[in-house]
Amino acid sequence: MSTENTPATVPLLDHHCHGVTMHNLDDSAFESLITESDWDAPEGTTHFDTQVGFAIRRHCAPVLGLDPFVSAEAYLARRRELGGDEVSRRLLRATGISDYFIEIGHRADEILDPTEMADAAGARAFEVVRLERLAEELVIAGCDAAGFREAYDGVLDERLRSAIGVKSIAAYRIGLDFAPERPSSEEVDEALARWIDTTGDVVRLDDPVIIRHLLWAAVDRACAIQFHIGYGDADVDLHRCNPLLLTEFLRLTRPTGARVMLLHCYPFHREAGYLAQVFPHVYFDVGLAINYTGSRSDEIIAETLELAPFHKILFSSDAFGVAELYYLGALLFRRGLQRALDVFVERDQWPAGECARITELVAWRNARRAYRLDDRLFAVETGLVGAEGP
């Protein structure tokens with residue numbers, strides 16, 4: 001494999017992540033950002049005693065000027081000494097990620113927005129719009145049921161002038177076993193009236209009819225549509241997050257021009273690989289699992305290459321909050337892809353040129369094509385839309 005496009009050196013396009021915080025984090029705040037649990041570690045224990053915790057001590061410590069496997073206490077002390085801004089910039093700029101697709105619908109006030117991320121990382125950044133949050137923001141702003149559908153169409157169109165795609169958290173709010181068909185206007189209006197009438201101080205969309213309406217609005221615009229799949233925090237019912245539950249929705253949306261991006265997927269990544277094989281508009285990644293399986297991530301990455309076409313697999317970090325997760329996501333992905341390809345070379349003498357081509361597909365070409373990034377960049381260059389980043 002040529003040295004210019006091996007997994008170790010190829011640029012990466014992170015098609016799904018969130019912003020990083022530049023704050024100086026205390027020990028408890030940092031540990032809360034390296035687990036999907038909503039709870040502190042039991043007394044006398046630490047979230048560093050996990051695959052991701054060991055990976056931080058092994059791989060991130062040297063970037064901060066420490067020896068591998070320093071204690072968690074020494075690592076956190078060094079982090080405080082350098083400051084959140086310096087730590088984040090060091091780690092982000094060491095990833096080799098050239099483009100970030102950033103979804104800001106979760107705790108947006110705590111993290112950098114796409115423009116700020118582009119500056120911190122020295123890369124390009126593009127926004128991904130969370131469909132459910134867009135609807136909630138309309139209701140918070142005072143939109144009533146009668147005007148919602150028209151208002152939502154308008155704001156979605158406006159956001160898509162600059163955003164690279166959209167995301168749904170239907171897996172969290174209603175499960176993926178929702179009715180796949182487009183709801184009627186009458187059903188949507190009735191559901192909107194019920195939801196808005198019963199909304200209190202906390203506006204949270206969990207009505208299946210309305211969420212289906214949002215999804216079909218995105219389909220109508222031939223968007224790249226991200227779906228949370230599988231592993232997540234304690235708010236998700238994992239058994240309702242199997243991507244196979246989307247099968248009929250995928251059948252219905254196949255001819256529309258929309259592209260469906262299955263995010264994370266663990267432990268359903270083999271199911272996601274099957275869907276990516278049989279449906280032309282389906283892509284997937286194992287982003288979240290790469291960090292949290294740490295030393296076992298090689299096996300997870302290799303399993304993505306079992307069934308799915310190589311032109312359907314994407315890279316993501318799904319990093320949120322701490323820059324360590326971006327750095328590890330990139331490093332472990334590069335390592336896992338290299339080791340998988342090395343096995344194929346050893347077993348069946350795959351040519352170096354073919355391994356290099358597959359590396360580029362998964363690292364950035366697939367995402368660039370699926371999200372139509374070249375069209376977006378052309379629009380930016382010609383002044384048709386605004387740009388995020390340098």
Ala125 and Ile102 have their tightest heavy-atom pair at CB-CD1, 3.9 Å
In short, salt bridge (Lys or Arg N to Asp or Glu O under 4.0 Å) pairs touching residues 175-189 with sequence neighbours left out are Arg149-Asp189, Asp177-Arg240, Arg182-Asp220
Straight-line distance of Thr293 OG1 to Leu288 CG, nearest 0.5 Å: 9.0 Å
What residues, two or more places apart in sequence or in another chain, satisfy ring pair (Phe, Tyr, Trp, His ring centres under 6.0 Å) together with Trp216? Phe249
Which pairs with one or both residues in residues 312-342 pass ring pair (Phe, Tyr, Trp, His ring centres under 6.0 Å), sequence neighbours excluded? His18-Phe320, His106-Phe320, Phe315-Phe333
Tell me if a side-chain donor or acceptor on Asp26 pairs with a main-chain N or O of Ala29 at a distance below 3.5 Å. yes
For Asp14 and Ser316, test the side chains for any donor-to-acceptor distance below 3.5 angstrom and give the result as yes or no. no
Using a 4.5 Å cut-off on heavy atoms from C-beta on, say whether the side chain of Leu205 contacts that of Ile211. yes
According to a hydrophobic-cluster definition based on side-chain heavy atoms being under 4.5 Å apart (Ile, Leu, Val, Met, Phe, Trp, Tyr only), do Phe268 and Ile301 belong together? no
Using 30° and 60° as the class boundaries, would you call the ring planes of Tyr152 and His213 parallel, tilted or perpendicular? tilted
Here the side chain to side chain donor-acceptor pair (under 3.5 Å) pairs for residues 192-211, sequence neighbours left out, are Arg204-Asp235
What residue pairs, at least two apart or across chains, pass salt bridge (Lys or Arg N to Asp or Glu O under 4.0 Å) with a residue in residues 245-271? Glu248-Arg251, Arg270-Glu303, Arg270-Glu306
Would Ile164 end up clustered with Leu160 when hydrophobic side chains under 4.5 Å apart are linked, directly or stepwise? yes
Kindly say whether Leu245 contributes a backbone atom to a donor-acceptor pair with the side chain of Asn242 at under 3.5 angstrom? no
Of the non-hydrogen atoms in Cys143 and Ala151, which two are nearest, and what is the gap between them? SG-CB, 4.0 Å
Pairwise salt bridge (Lys or Arg N to Asp or Glu O under 4.0 Å) hits with a residue in residues 309-321, at least two apart: none
The complete set of side chain to side chain donor-acceptor pair (under 3.5 Å) pairs with one or both residues in residues 30-48, sequence neighbours excluded, reads Glu31-Thr46
Using ring pair (Phe, Tyr, Trp, His ring centres under 6.0 Å) as the criterion, list what pairs up with Tyr274, not counting sequence neighbours. none
By ring pair (Phe, Tyr, Trp, His ring centres under 6.0 Å), Tyr371 pairs with (sequence neighbours left out) His15, Phe101
According to side chain to side chain contact (heavy atoms under 4.5 Å, CB included), who are the partners of Ala146, at least two apart in sequence or on a separate chain? Asp144
Is there a donor-acceptor pair under 3.5 Å between the side chain of Gln51 and the backbone N or O of Ser295? yes
As a quick check of understanding, evaluate side chain to side chain contact (heavy atoms under 4.5 Å, CB included) for Leu215 and Phe178, giving each step before the final call. CA-CA 11 Å; Leu215 289 171; Phe178 58 82; 3.7 Å; yes
Test your reading of the model: is there a side-chain donor-acceptor pair from Arg365 to the backbone of Arg357, 3.5 Å cut-off? no
Salt bridge (Lys or Arg N to Asp or Glu O under 4.0 Å) between Arg79 and Glu324, intermediate numbers included: CA-CA 11 Å; Arg79 212 180 187 282; Glu324 283 83 352; 2.8 Å; yes
So salt bridge (Lys or Arg N to Asp or Glu O under 4.0 Å) across residues 89-100, not counting sequence neighbours, yields Asp85-Arg89, Glu86-Arg90, Arg89-Asp119, Asp99-Arg124
Ring pair (Phe, Tyr, Trp, His ring centres under 6.0 Å) pairs touching residues 57-81, sequence neighbours excluded, are none
Testing the 3.5 Å rule here: is there a donor-acceptor pair between the side chains of His16 and Gln226? yes
Is there a donor-acceptor contact under 3.5 Å from the side chain of Glu103 to the main chain of Glu127? no
Does the Asp285 side chain pair with the main chain of Leu263, one donor and one acceptor, at a distance under 3.5 Å? no
Looking at Glu354 and Pro351, would you say the former's side chain and the latter's main chain have a donor-acceptor pair under 3.5 Å? no
Using a cut-off of 6.0 Å, state whether more than 12 heavy atoms not belonging to Arg369 lie near its atom CZ. yes
Thr6 side chain to Gln338 side chain, donor-acceptor N/O pair below 3.5 angstrom: no
Say whether, by atom type as modelled, one donor and one acceptor occur between the side chain of Arg221 and the main chain of Ala217 under 3.5 angstrom. yes
Taking atom types as modelled, is there a side-chain donor on Thr256 or Thr253 under 3.5 Å from an acceptor on the other? no
Would the His269 and Phe284 ring centres measure less than 6.0 Å apart? no
Are Glu136 and Arg133 close enough for a salt bridge, meaning some N to O gap below 4.0 Å? yes
